[in-house]
Q: 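Below you'll find the structure I mean.
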Amino acid sequence: MADTSDADFEALAERLLDPATTLPPAANVSVGEKAAAAGSDFLLSEYGSEAALDAALRPAGRPRLGERPKGASPTVRGRIPEAERAAFDQLMRQTGKRESELVREAVHLLLERHKLAS
């Protein structure tokens, strides 16, 4: 198909999207537990191990904070003056830390100051 032109692709797309186009009969169809087993076998052959498969299927993003295993981490929002935001941006550049890391650190320091942190 390396030599297929845009016109060829357009013609193929039209044919495949036409409801009058008949499809070949299904072959080698698995359902239920047989399909699940075939899927598991395929994934293990592609990823090589259960550990690699678990890592690939792990949800994207950083790990959740807190004790509960699922759901969104608690979030704190607030507004600050432009001058403080500019200083905060400078602190991010100087420390190389992300905004969320600095906010968590600031909240922890405030709670320590008020003797509420553990």
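In what follows, every heavy atom counts, from backbone to side chain, and hydrogens, waters and symmetry copies are set aside.
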Q: Hydrophobic side-chain clustering at under 4.5 Å (ILVMFWY, transitive links): who's grouped with Leu110? Put none if nobody.
A: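 Cluster partners of Leu110: none, it stands alone.
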Q: Looking at Tyr47, I'd like to know if its OH atom is crowded, meaning that more than 12 non-hydrogen atoms belonging to other residues, nucleotides or ligands lie closer than 6.0 Å.
A: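 Incorrect, the count does not exceed 12.
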Q: If you measure from CZ on Arg113 to NZ on Lys115, what distance do you get to the nearest 0.5 Å?
A: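 Atom-to-atom, Arg113:CZ and Lys115:NZ are 10.5 Å apart.
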Q: Indicate, with yes or no, if Val29 and Phe42 share a hydrophobic cluster defined by side-chain heavy-atom contacts under 4.5 Å among Ile, Leu, Val, Met, Phe, Trp and Tyr.
A: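 No.
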Q: Identify the two heavy atoms, one from Ser30 and one from Ala35, that lie closest to each other, and give their separation to 0.1 Å.
A: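 Result for this residue pair: O-CB, 3.5 Å.
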Q: Does a sphere of radius 6.0 Å around CD in Gln94 hold more than 12 heavy atoms from other residues, nucleotides or ligands, not counting ones at 6.0 Å or beyond?
A: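 Enclosed.
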Q: Is there side-chain contact between Glu14 and Asp18, with heavy atoms separated by less than 4.5 Å?
A: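 The answer is no; the side chains never approach within 4.5 Å.
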Q: Could you check if a side-chain atom of Glu105 sits within less than 4.5 angstrom of a side-chain atom of Glu101, using non-hydrogen atoms only?
A: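 No; the side chains remain at least 4.5 Å from each other.
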Q: From Leu57 CG over to Glu50 CD, what is the distance, rounded to the nearest 0.5 angstrom?
A: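 Going from CG on Leu57 over to CD on Glu50, the span is 9.5 Å.
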Q: Who passes salt bridge (charged side-chain N to carboxylate O under 4.0 Å, His left out) against Glu99, sequence neighbours left out?
A: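 Applying salt bridge (charged side-chain N to carboxylate O under 4.0 Å, His left out) to Glu99 gives Arg85.
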Q: Please enumerate all residues that pass side-chain contact (heavy atoms from CB on, under 4.5 Å) together with Leu116, with sequence neighbours excluded.
A: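 For Leu116 the side-chain contact (heavy atoms from CB on, under 4.5 Å) partners, ignoring immediate neighbours, are Leu111, His114.
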Q: Flag yes if more than 12 heavy atoms outside Asp6 fall under 6.0 Å of its CG atom; otherwise flag no.
A: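 No - once you tally the heavy atoms of other residues, nucleotides and ligands closer than 6.0 Å, there are 12 at most.
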Q: Applying a strict under-4.5 Å side-chain criterion to I, L, V, M, F, W and Y, I'd like to know whether Leu17 and Phe9 cluster together.
A: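 No, Leu17 does not connect to Phe9 through the hydrophobic network.
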Q: Find out if a path of hydrophobic residues (ILVMFWY) with successive side-chain heavy-atom gaps under 4.5 Å connects Leu109 to Val103.
A: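 Per the 4.5 Å side-chain linkage, Leu109 and Val103 are not co-clustered.
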